[in-house]
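What follows is a set of notes on a single structure, which appears directly below.
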Amino acid sequence: MASISGLCSSSSNKFIPKTTPASSFSPRKESIAFPNRSKFVDRCSDRALALSVQSVARDIPASLSKTNDALPKEKKGLEKDGRALWGRYVDWLYQHKELGLYLDVSRIGFTDEFVEEMELKFQAAFRAMEGLEKGAIANPDEGRMVGHYWLRSPKLAPKSFLRLQIENTLEAICKFADDVVSGKIKPPSSPEGRFTHVLSVGIGGSALGPQFVAEALAPDNPPLKIRFIDNTDPAGIDHQIAQLGPELASTLVIVISKSGGTPETRNGLLEVQKAFREAGLEFAKQGVAITQENSLLDNTARIEGWLARFPMFDWVGGRTSEMSAVGLLPAALQGIDIKEMLAGAALMDEANRTTVVRNNPAALLALCWYWASDGVGSKDMVVLPYKDSLLLFSRYLQQLVMESLGKEFDLDGNRVNQGLTVYGNKGSTDQHAYIQQLREGVHNFFVTFIEVLRDRPPGHDWELEPGVTCGDYLFGMLQGTRSALYANNRESITVTVQEVTPRSVGALVALYERAVGIYASLVNINAYHQPGVEAGKKAAGEVLALQKRVLAVLNEASCKEPVEPLTLDEVAERCHAPENIEMIYKIIAHMAANDRALIAEGSCGSPRSIKVFLGECIVDDLYA
Ligand SMILES: O=P(O)(O)OC[C@H]1O[C@](O)(CO)[C@@H](O)[C@@H]1O
């Protein structure tokens, strides 16, 4: 049974020996020092790296090394000479020794002039970030501070009560997780006598981080297995509940919603509560809420006496909430060392505070994004982790990057329609899906490779051919794809970690959070609001309101003697919404397909012929 120290200890990972302090990165001034060099010498020696550069050189057709006609003028001249590329690689290689993390930007073709031109913008971005960390209202539209960096360094919080909130919450998470895992906190009516599963109900930032981390870090046999309801799709919800079966009795349900009022999450909760009732279980004894104080969800959980409540802070946005209770509680319940995640993130944050662009990994990423997408999102970012457990990283980044950067207006109110499209799955799987288009098709992207050096835990590897392991193939596929893309002028970034650990995952999250913040400053937008999401939510609310009016009109007509079937035009007229006739047709077709008490005569293929009435007359004001 994992103990509290097992779940939440801050001991350093055994594969990441502490070498020199994190602040000493200067790849140009020293030789490349890989942790555990003696162990990794074959894969990581300078010679091996040089060999991979040679293979790049071999892959490049001579014609391509001379002209790049397909590229815009300022992007001509991607370096193709092997020796020069090696120089660029070494010059620009970012290395975080303590984290064992590398960032290679050599396959992005920015020029020295471009870096110089960007310097002023970067210094402004660093100042903005410093202000943000000191508690400035960095989200002006919502009048909010942006404090996700304090979650892993509480001492940086601008007020002592904020520091205490963070520390107390972490302590409470660790204690609760330990009590659940050890069986001290039990489900009331489970034969197992302890919680065996977590069912997490939440959407967007209240799901994507926990999903990514579960996939990346949960052990094969976690103390509690996790499942997610992250949509209002009834069939999806049924599937999750059916998969739990009798183990619903030993399932801890964590409902996560910062606002506490997101409809999809509320629906998931109501569906789960219904399943509990039908199984004769008492939901409150197994329910946990993570939400802002006094939100609808918080009040419900308090009034109904749920097992526990954890706070979501006003100054933490959904998409940057992985290091808050949102991400930490589910992780701790799966036996993931959350203090290591926090430590990895804190180390990365520290590295990202330098104001020297080439020594600041988040700034380097932002620089590459700006160069590759012309600072206007003209190219998409394809994220390709070559490690199955990082499969959900691209989906996680999709929200982090696109909800943050996809903005109509800049901070001065100019219409800019900014953004950076993110998609991806995993290598080498995608080699057999869309890499064909990336290599030869429309040139509208740049790639981020995520490389994990350690193939398997020590002692498990074997050679499936003389001198070659399965992991060597994966490595070869990554290097080959990187080379082949570059040879055809497709730019790429490579982020390398030693292995997938709580520490490296924490660092990756922190790296991208900061890169997004810096990039947002470079393009002068607010990364921390999401006004665009409201339009879709509002429109969805209007559709449901219209549905209620349709039902009320049909009910009235169906209560007549004899029943009065109505054409769609008549329904629309009586709803006082003639301009919404198409939506009314869709509402009726949807209800008819779902066996609601609605009878539609005529053919759905010719909507004008349809006449509708309700199969029964509801006399009360249910639809009013
Ligand atoms: O945590 P909440 O408030 O339920 O919101 C879920 C998600 O909805 C959004 O507000 C909009 O999609 C996201 O920013 C957020 O992560």
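Atoms within each ligand, like the ligands themselves, are counted from 1 in listed order. Numbers for residues simply follow the sequence, beginning at 1. Values below: all heavy atoms of this structure, side chains included; hydrogens, waters and symmetry mates excluded.
- The protein atom (non-hydrogen) at minimum distance from atom 10 (O) of ligand 1 is Lys537 NZ, 3.9 Å.
- The nearest heavy-atom contact from the protein to atom 5 (O) of ligand 1 is Thr262 OG1, 3.5 Å.
- For atom 11 (C) of ligand 1, the closest non-hydrogen atom on the protein side is Val533 CG1, 3.3 Å.
- Ranking protein heavy atoms by distance to atom 16 (O) of ligand 1, first place goes to Gly205 N, 2.7 Å.
- On a distance-only criterion, Ser206 and ligand 1 share at least one N/O pair closer than 3.5 Å.
- Here Glu403 has side-chain heavy atoms under 4.0 Å from ligand 1, and that is the only part of it that gets that close.
- Side-chain N/O atoms of Gln240 and Arg227 include a donor and acceptor closer than 3.5 Å.
- Residue contact check for ligand 1: Glu264 places no non-hydrogen atom closer than 4.0 Å to it.
- Of the polar atoms of Ile203, none of the N or O atoms is found under 3.5 Å from an N or O of ligand 1, judged by distance alone.
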Inset, instruction - Starting from the C-alpha separation in whole Å, work towards a yes-or-no answer on side-chain contact (heavy atoms from CB on, under 4.5 Å) for Asp349 and Arg514. - result: CA-CA 8 Å; Asp349 289 343; Arg514 185 77 64 142; 3.6 Å; yes
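- Here Glu247 does not pair with Lys225 in a salt bridge; the nearest charged N to carboxylate O distance is not below 4.0 Å.
- Ring geometry for Trp315 versus Phe313: interplanar angle under 30°, hence parallel rather than tilted (30 to 60°).
- Screening residues 507-548 for ring-ring contact (aromatic ring centres under 6.0 Å, His included) gives Trp369-Tyr519, Phe393-Tyr512 as the qualifying pairs, with residues at least two apart or on separate chains.
- Applying the ring-ring contact (aromatic ring centres under 6.0 Å, His included) test to pairs two or more places apart or on separate chains, those with a residue in residues 257-288 are Phe276-Phe283, Phe283-Trp306.
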